[in-house]
2 protein chains.
Amino acid sequence: MSAVTKTAANSVAVILGHDLSSIDDGDVTWSDAHANFLSSLSQEEIQDLLTCSRLLVLKPRDHLFRAGDHSKDVYIVAEGCIRLFKVSPTGKETILWFNFPGELFGMAEIWSGSQRQVYAIANEATRVYSIRRQDFIKFLGAHPEAAMKAIGILSARVRALGHTLGGLASDNVETRIARLLMRFAAISSATRCSSGVNDAELCVNVRLRHQDIANLIGASRQTVTTTLLQLRKLGAVRMVDHHIHIVQADHLRCLF
Amino acid sequence: MSAVTKTAANSVAVILGHDLSSIDDGDVTWSDAHANFLSSLSQEEIQDLLTCSRLLVLKPRDHLFRAGDHSKDVYIVAEGCIRLFKVSPTGKETILWFNFPGELFGMAEIWSGSQRQVYAIANEATRVYSIRRQDFIKFLGAHPEAAMKAIGILSARVRALGHTLGGLASDNVETRIARLLMRFAAISSATRCSSGVNDAELCVNVRLRHQDIANLIGASRQTVTTTLLQLRKLGAVRMVDHHIHIVQADHLRCLF
DNA sequence: GCATGTTTGTCGCCTGGATGACAATAAACA
DNA sequence: TGTTTATTGTCATCCAGGCGACAAACATGC
């Protein structure tokens, strides 16, 4: 891993805990699927937690860990974005989710002490706080409130994964894309789109290549390209810079 | 809900905490995906937890809760089996998992205070301990060890769901069935098959209709029937009573 | 014992979407 | 500025698996 390491004790101020306003996608509130761990903690808790952390600086495409690794840390994104994905024996990549600033991840593996099941790589220039398993467990023990929040995070993830699973099993590609876009629009709604043209439209403020979307919804790149093009022709979405804007949220929603 | 309610304070003895021996399915230990919460607790913890629980008695197909409900309890299976599933707008059912004795479930929804996202119904005659949200949170606060275990359970579930998701996105039906059977063989390995014919073969000691398998792996019933038949012709599996025995685990594993 | 409901086994048809192959851009780099 | 490498757009081909429709085999209740 080509990450630079610094101590992070005093860089609490760096964290931009973006509170997520929730967007209802019909029957499910998605915001909590990416519940922001760090910003839900008190100042003291943050201080306590980050004091024993190291700050890792990652360039785009740097690996944080790979499936099979025995790394026993949990991570919190300080800045940037981490992609978590699986790779099938045939090399097909399935993205489980993206982690944005303030989000806690890597928790799932540290309990069983087993190997990591997924890959984590920086989707862009990214900085993450790395906290050793032991320190994290100690922290949770000392801060029951925080432990409850960790449970909440995991719960949200269970719900989100369940939802994705249901969608993958029953919906067609168009619907899955629609759901995905609404979901990302919800979680990136806090970071206002710089080219804030129309306030009525939702901004999917993440750089997603068609291949990423394909890996996220379990489809082929070509199908994503085609489907997205249809959606654009219909005027449901449009491209701004290199990200997607949802022009007619209703149109997407009615695909659900 | 047609469940009978009794107080459960003194029925601790009923619980058969079956310790699961782990079966390695190649690179993943599956047993922890159904980690047994109750049997991982100490006697005092069990006592504390169940004292504030109610025992619900369910007949096969009784609903414990439905998507949209506001029930705010967590549950622990005492006996029998609870099926957790989603239903798509088109009526397609996707089974997330089965809960066996000792397992804790229903945790995911109680934090956000939102509606239940899934359906929970008794797969057979089943008894579950029902614990109110407040009591459960209080319990976790008072027993940090137990809170850690709850985190472990959720972590395992996140891993399992991620695995399923990856499989659904990349594997064909045959492979998904193979994976599923190995997984169920692992979790039901504790309850020895009564008709314990051959010790070399693994027993999937759960009553699964083809429709169930289909809903579990996101396929159609017909395809499951056909695929299972192939597997039988090949001698990889066979039917005993009404459940499946894995004759050649290697054969299934090499489909992964 | 009969009737009704459930689960399994089998077909043929049909389509959503995977796959491979390229051309056309757009971005990165030297 | 020219060269290389990502990314997007398009098409023709092919097939795994969904779907409807039955028949046979079990169950279950009356």
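Chain identifiers are assigned alphabetically (A, B, ...) following the order of the sequence lines, protein sequences preceding nucleic acid strands; residue numbering begins at 1 within each chain. None of the values given here were measured: they were computed from a predicted structure. Computed from heavy atoms alone, side chains included, the values below leave out hydrogens, waters and symmetry copies.
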Residues A:Phe85, A:Thr94; criterion side chain to side chain contact (heavy atoms under 4.5 Å, CB included); working and verdict: CA-CA 5 Å; A:Phe85 61 96; A:Thr94 305; 5.9 Å; no
Through what angle, rounded to 10 degrees, does the axis of the helix from C:dG1-D:dC30 to C:dA30-D:dT1 turn between its ends, using five pairs per end? 50°
Leading and trailing nucleotides of DNA chain D with any atom under 4.0 Å from heavy atoms of chain B: D:dG17 to D:dA27
Contact between B:Arg179 and B:Ile217 at the side-chain level, heavy atoms closer than 4.5 Å - yes or no? no
Contact list please: residues 217-230 of chain A against DNA chain C, heavy atoms, distance less than 4.0 Å, in numerical order. A:Gly218, A:Ala219, A:Ser220, A:Gln222, A:Thr223
Spell out protein contact along nucleotides 24-30 of chain C as letters: B when the base is contacted, S when just the sugar-phosphate is, - when no protein heavy atom is under 4.0 Å; keep the 5' to 3' order. ---S---
Hey, are the side chains of B:Glu201 and B:Val237 touching, using non-hydrogen atoms and a 4.5 Å cut-off? no
So salt bridge (charged side-chain N to carboxylate O under 4.0 Å, His left out) across residues 87-102 of chain A, not counting sequence neighbours, yields A:Arg83-A:Glu93
From CA spacing to verdict: side chain to side chain contact (heavy atoms under 4.5 Å, CB included), B:Leu216, B:Leu208: CA-CA 10 Å; B:Leu216 233 5; B:Leu208 288 174; 4.2 Å; yes
Taking the inter-plane angle between the rings of A:Tyr119 and A:His63 on a 0 to 90° scale, is it parallel (under 30°), tilted (30 to 60°) or perpendicular (over 60°)? perpendicular
Whole-Å distance between C:dG16 C1' and A:Leu255 CG? 16 Å
Where A:Leu55 and A:Ala78 come nearest, the two heavy atoms and their spacing: CD1-CB, 4.3 Å
Measure the shortest side-chain to side-chain distance between B:Tyr75 and B:Leu56 over non-hydrogen atoms and say whether it is less than 4.5 angstrom. yes
To the nearest Å, how far apart are B:Leu168 CG and C:dA18 P? 12 Å
Separation of B:Leu181 CG from B:Leu231 CG (nearest 0.5 Å): 7.0 Å
Step by step, would you call B:Val224 with B:Arg221 a side chain to side chain contact (heavy atoms under 4.5 Å, CB included)? CA-CA 5 Å; B:Val224 171; B:Arg221 198 229 78 220; 5.7 Å; no
Who are the side chain to side chain contact (heavy atoms under 4.5 Å, CB included) partners of A:Arg61, not counting sequence neighbours? none
Interatomic spacing from OG1 in A:Thr227 to NE2 in A:His210 - rounded to 0.5 Å: 10.0 Å
Can you tell me how far the CD1 atom of A:Ile187 sits from the CD atom of A:Glu103, to the nearest 0.5 Å? 6.5 Å
With nearest nucleotide decided by heavy atoms, which residue, B:Arg232 or A:Asn172, maps closer to the 5′ end of DNA chain C? B:Arg232
